Asker: 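Handing you this structure, nothing more for now.
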Amino acid sequence: MDRIEMLEERIAHLIRALEDISDVVAQQGREIDRLTRHTHLLMEREAEREAMGLEAPEANQRPPHW
């Protein structure tokens, strides 16, 4: 193989790696957006619960022996 063919092959591998990384980053971005929306919904739900004066779930309350 001459030098130009080796460089072309290396560039092809780098392009493939870049495309793979780009796909992963795009997928992670979508997952972050989804988790951010869920977090905001949970925060709004908890704020509404606190505004209504509801008690905390039993899992968040101290046991009576403390």
Side-chain angles (χ1 to χ4, degrees):
M1 246 191 238
D2 67 354
R3 184 172 159 84
I4 291 177
E5 288 177 353
M6 288 174 37
L7 290 173
E8 288 175 343
E9 183 177 335
R10 190 166 185 195
I11 288 171
H13 287 292
L14 291 172
I15 288 171
R16 175 60 189 232
L18 178 64
E19 289 171 350
D20 291 345
I21 291 171
S22 179
D23 291 344
V24 169
V25 169
Q27 180 183 3
Q28 288 175 340
R30 289 189 298 273
E31 181 72 6
I32 288 170
D33 290 342
R34 185 183 71 80
L35 293 171
T36 301
R37 283 192 307 273
H38 283 242
T39 301
H40 286 291
L41 289 172
L42 290 170
M43 290 171 59
E44 288 175 5
R45 186 183 299 171
E46 185 60 25
E48 289 173 3
R49 186 181 316 199
E50 288 177 4
M52 292 173 50
L54 297 177
E55 292 186 21
E58 288 186 29
N60 293 338
Q61 293 179 357
R62 286 184 155 183
H65 61 278
W66 279 15

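From a predicted model like this one, the values you see are computed outputs, not experimental measurements.
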Asker: For the CD atom of Gln28 and the CG atom of Leu35, what is their distance to the nearest 0.5 Å?
Answerer: 11.5 Å
Asker: To the nearest 0.5 Å, tell me how far Glu9 CD sits from Leu14 CG.
Answerer: 11.0 Å
Asker: Starting at OG1 of Thr36, measure out to NE2 of His38 and round the result to the nearest 0.5 Å.
Answerer: 10.0 Å
Asker: From Ile32 CD1 over to Thr39 OG1, what is the distance, rounded to the nearest 0.5 angstrom?
Answerer: 11.0 Å
Asker: Apply salt bridge (Lys or Arg N to Asp or Glu O under 4.0 Å) to Asp2 and list each qualifying residue two or more places apart in sequence or on a separate chain.
Answerer: none
Asker: Could you measure the distance from the CD atom of Glu46 to the CG atom of Leu42? Nearest 0.5 Å is fine.
Answerer: 9.0 Å
Asker: So how far is it from Ile15 CD1 to Asp20 CG, rounded to the nearest 0.5 Å?
Answerer: 12.0 Å
Asker: Taking the side chain as every heavy atom from C-beta outward, state whether Asp23 and Gln27 have any atom pair closer than 4.5 Å.
Answerer: no
Asker: Do Glu31 and Arg34 sit within salt-bridge range, that is, some charged N less than 4.0 Å from a carboxylate O?
Answerer: yes
